[in-house]
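Everything on this sheet refers to the single structure shown next.
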2 protein chains.
Amino acid sequence: MADASLWTALADPHRRAIIALLLERPRPVGEIVEACGLSQPSTSKHLKVLREAGLVRVRQDAQRRVYALAPAPIAELDAWLAPYRRLWNTSLDKLGRRLDEAPDDPEEPVTKD
Amino acid sequence: MADASLWTALADPHRRAIIALLLERPRPVGEIVEACGLSQPSTSKHLKVLREAGLVRVRQDAQRRVYALAPAPIAELDAWLAPYRRLWNTSLDKLGRRLDEAPDDPEEPVTKD
DNA sequence: CAGTTATATGCCCGTCAAGGAATTCGAGCC
DNA sequence: GGCTCGAATTCCTTGACGGGCATATAACTG
């Protein structure tokens, strides 16, 4: 399905930020523009990429376009992840189980996104 | 949150292919070169990116460098995914409800362009 | 119908990443 | 020590991507 474009879409930090915004709730473009500090055209272009990757859906509300998350592709990501999850569950058990249980993992400093 | 370089690294299809190869078993560079049909230098560069993203680690075996998966960053991805997983698990329908908050929605097609 | 708001597109430019060829570095081998 | 194999690094070119500005389009408003 959206393989390539999915990864490409998520590769951009601004787009991930948009995705995160939409996780809270659906938002019109104007709000997204304001939130991510880009120009409106740039934001629209990012939204287009996300749309084409199937990551967001649009609903038209008067002149507004309200964007919302479309979770399916993220499920795809999850599916992609599955084999690897098996891997780190077994071979990296010593690392201290799930990362979310060890927020500051000494071996792998998590840099800010 | 996932390091930017992690996403960048995974954004490239060749690199995802390499990752998939290493999922089966660790491999020396030569094998990877052969498998992904790139030149050796290009492959080495991809491996460098993966290395710097922390996705793979190298073991030196005589003149060979054997690459293997380092699953931790993938766990990071999984962590990133978590909130979204909640979203599509609990509420494909809930999302639909939010999309339908305006019941007179003239059914906006996703504008796939 | 003209005007305004909200968003999308086109164009231009700067940057960056990817790929190949040549070169270099490192480790074994004769 | 010189040679060879395996891999990494450098240089260069090219193409894609991101950003802004100006403009087009669509929908509501008076």
Side-chain angles (χ1 to χ4, degrees), chain A residues 2-19 21-22 25-68 113, chain B residues 3-19 21-22 26-68 99 101-102 104-113:
Chain A
D3 326 330
S5 60
L6 174 61
W7 288 102
T8 308
L10 289 174
D12 186 273
H14 285 135
R15 287 194 289 260
R16 288 200 300 278
I18 292 176
I19 291 285
L21 276 175
L22 296 183
R25 65 167 183 278
R27 296 174 194 259
V29 177
E31 249 181 68
I32 302 173
V33 167
E34 203 177 335
C36 68
L38 284 177
S39 71
Q40 175 267 315
S42 289
T43 307
S44 261
K45 278 183 248 182
H46 283 304
L47 288 170
K48 180 178 188 175
V49 174
L50 292 172
R51 235 187 300 138
E52 286 172 350
L55 279 162
V56 299
R57 314 184 72 91
V58 205
R59 171 176 60 91
Q60 187 145 6
D61 170 40
Q63 313 105 312
R64 293 204 183 87
R65 310 272 182 113
V66 179
Y67 280 81
D113 196 2
Chain B
D3 187 1
S5 64
L6 174 62
W7 288 101
T8 306
L10 290 173
D12 186 274
H14 285 135
R15 287 195 288 261
R16 288 199 302 278
I18 293 178
I19 291 286
L21 276 175
L22 296 182
R27 296 174 193 261
V29 177
E31 249 181 69
I32 302 174
V33 167
E34 202 177 337
C36 68
L38 284 176
S39 71
Q40 176 266 315
S42 289
T43 306
S44 260
K45 278 185 258 181
H46 284 304
L47 287 171
K48 180 178 189 175
V49 174
L50 291 171
R51 231 187 301 136
E52 285 172 350
L55 279 161
V56 299
R57 59 184 204 285
V58 206
R59 170 176 58 91
Q60 187 144 6
D61 170 40
Q63 313 105 316
R64 292 203 182 85
R65 311 271 182 114
V66 179
Y67 279 81
L99 280 175
E101 268 171 9
D104 52 313
D105 191 345
E107 191 28 58
E108 173 70 9
V110 184
T111 63
K112 256 290 186 182
D113 280 47

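Note that the structure is predicted; figures quoted are calculated from it, not measured. Just the heavy atoms: all of them, side chains too, but no hydrogens, waters or symmetry mates, feed the values below.
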| field | Gap between atoms CG and P, on A:Asp12 and C:dT15 respectively (whole Å) | value | 17 Å
| task | On DNA chain D, reading 5' to 3', which nucleotide is the first and which the last to sit with an atom under 4.0 Å from a heavy atom of chain B, could you check? | result | D:dG6 to D:dC11
| Separation of atom CZ in A:Arg27 from atom C1' in C:dT7, rounded to whole Å | 18 Å
| request: Hey, could you give me each pair passing salt bridge (Lys or Arg N to Asp or Glu O under 4.0 Å) that has a residue in residues 36-56 of chain B? Not counting sequence neighbours. | output: none
| request: Starting at the 5' end of nucleotides 20-30 of chain C, put B wherever the base has a protein heavy atom under 4.0 Å, S where only the sugar-phosphate does, and a dash everywhere else. | output: BBB---BBS--
| query | Who pairs with B:His46 by side-chain hydrogen bond (donor to acceptor under 3.5 Å, both in side chains), at least two apart in sequence or on another chain? | reply | B:Arg15
| field | Interatomic distance where CD1 belongs to B:Ile18 and P belongs to C:dA18 [whole Å] | value | 11 Å
| request: Would you kindly give the CG-to-P distance between A:Leu50 and C:dA8, to the nearest whole Å? | output: 12 Å
| request: Apply side-chain contact (heavy atoms from CB on, under 4.5 Å) to A:Leu47 and A:Ile18, showing your working. | output: CA-CA 8 Å; A:Leu47 288 170; A:Ile18 292 176; 3.9 Å; yes
| Got a sec, which residues hit side chain to side chain contact (heavy atoms under 4.5 Å, CB included) with B:Pro26, two or more places apart in sequence or on another chain? | B:Val66, B:Ala68
| query | Counting side-chain heavy atoms from C-beta on, which of C:dA8, C:dA6, C:dA18 comes nearest to B:His46? | reply | C:dA18
| Does the side chain of B:Leu50 reach to within under 4.5 Å of the side chain of B:Ile19, using non-hydrogen atoms? | yes
N/O donor to acceptor pairs below 3.5 angstrom from side-chain atoms of residues 28-42 of chain B, sequence neighbours left out:
| unit_1 | atom_1 | unit_2 | atom_2 | d |
| --- | --- | --- | --- | --- |
| B:Glu31 | OE1 | B:Arg25 | NH2 | 3.3 |
| B:Glu31 | OE1 | B:Arg27 | NH1 | 2.8 |
| B:Ser39 | OG | B:Ser42 | N | 3.3 |
| B:Ser39 | OG | B:Ser42 | OG | 3.2 |
| B:Gln40 | NE2 | B:Ser44 | OG | 3.3 |

| remark: Taken to the nearest 0.5 Å, the spacing of A:Leu22 CG from A:Arg57 CZ works out to 13.0 Å
| task | Determine, step by step, whether A:Leu55 and A:Leu10 satisfy the side-chain contact (heavy atoms from CB on, under 4.5 Å) criterion, reporting the C-alpha distance in whole Å, the side-chain angles of both residues, the deciding distance to 0.1 Å, and the verdict. | result | CA-CA 9 Å; A:Leu55 279 162; A:Leu10 289 174; 3.9 Å; yes
